Amino acid sequence: MTTEILLKVEKLTRRFGGLTAVSNLSFDVQKGEILGLIGPNGAGKSTTFNCVSGFYPASEGRIEFLGEDISKMNTAQVCHKGLVRTFQHDSLLTDMTVYDNILIATFSTISVKNERVRRVHETAEILNLSDHLQEIAGNLPHGLQRMVSIAIAFATRPKLLCLDEPLTGLNQTEVGGALAIFRRIRDEFKLSILLVEHNMKAVMEICDRIVVLDHGIFLAAGSPLEIKQNPAVISAYLGKRA
């Protein structure tokens, strides 16, 4: 069975002055998979996200999305190609309703008003936000605000959804609900997910493959079982939790 590569990162390096945050990193995201990107704090995960999504230009290396070099594209260009990301902190307009937060996101890909309205309601249903559409986003509890942030990104119907620590601050029930949503949008909309997350139980449960970074350098890649049993990963990151 032929595997289709959606995102290909080749020898990515990103420097900030004399600091090298990511060094010679290569990995790929396959169509239809959920790929975890993990590592200790300071491993270079968010820098990698920022390079992939156009927030930072790569110092060296190449980033391909759907076979096209996006290394020099800005965030708007990358988004229009179908690669969208969330942030560690909720990226929503706190003084606006949930409906308007999601609606604004649809303008990047939909020109017809009725289609935008339909997209808002479809997105809200999938993210379990239908009962909160007329509420002010900033008044919602933390867990729902996280879902609004994801809904904003998902409303563009990307081909690759990059989620930066989406489970932070969620309780066990909310984590379970979020994972179910991730699986649903992957299965129903045939998109791929690149996931940065520190909740290792959730990562091992949801991801098809995992890439591990340590101090900005590729450490390992494999299935959740392979990563849990990898001595180098256990030493650098998982410890006794493996």
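What you see is a predicted model; the values in this text were computed from it and never measured. Counting from 1, the numbers follow the sequence of the chain as shown.
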Under a 3.5 Å cutoff, is there a donor and acceptor pairing between the side chains of [X] and [Y]?
X	Y	result
Arg157	Thr123	yes
Arg85	Asn50	yes
His80	Gln77	no

I'd like to check [X] versus [Y] (side-chain heavy atoms, cut-off strictly below 4.5 Å). Are they in contact?
X	Y	value
Val148	His132	no
Val9	Ser26	no
Pro166	Ile150	yes
Thr20	Ser23	yes

Would one find more than 12 heavy atoms of other residues, nucleotides or ligands at under 6.0 Å from atom CD of Gln172?
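Not more than 12 within 6.0 Å, no.
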
Going by an N to O cut-off under 4.0 Å, is there a salt bridge joining [X] and [Y]?
X	Y	value
Arg119	Glu115	no
Glu60	Lys11	no
Arg62	Glu64	yes
Glu10	Lys8	yes
Lys159	Glu68	no

With distance as the sole test, does [X] use its side chain to make a donor-acceptor pair with the main-chain N or O of [Y] at under 3.5 Å?
X	Y	value
Glu33	Gln30	yes
Asp28	Ile5	no
Asn101	Leu93	yes

Do the ring centers of Phe55 and Phe49 come within less than 6.0 Å of each other?
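Ring centres of Phe49 and Phe55 not closer than 6.0 Å.
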
Roughly how far, to the nearest 0.5 Å, is the CD1 atom of Ile63 from the CZ atom of Phe65?
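Phe65 atom CZ to Ile63 atom CD1 measures 12.0 Å (nearest 0.5 Å).
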
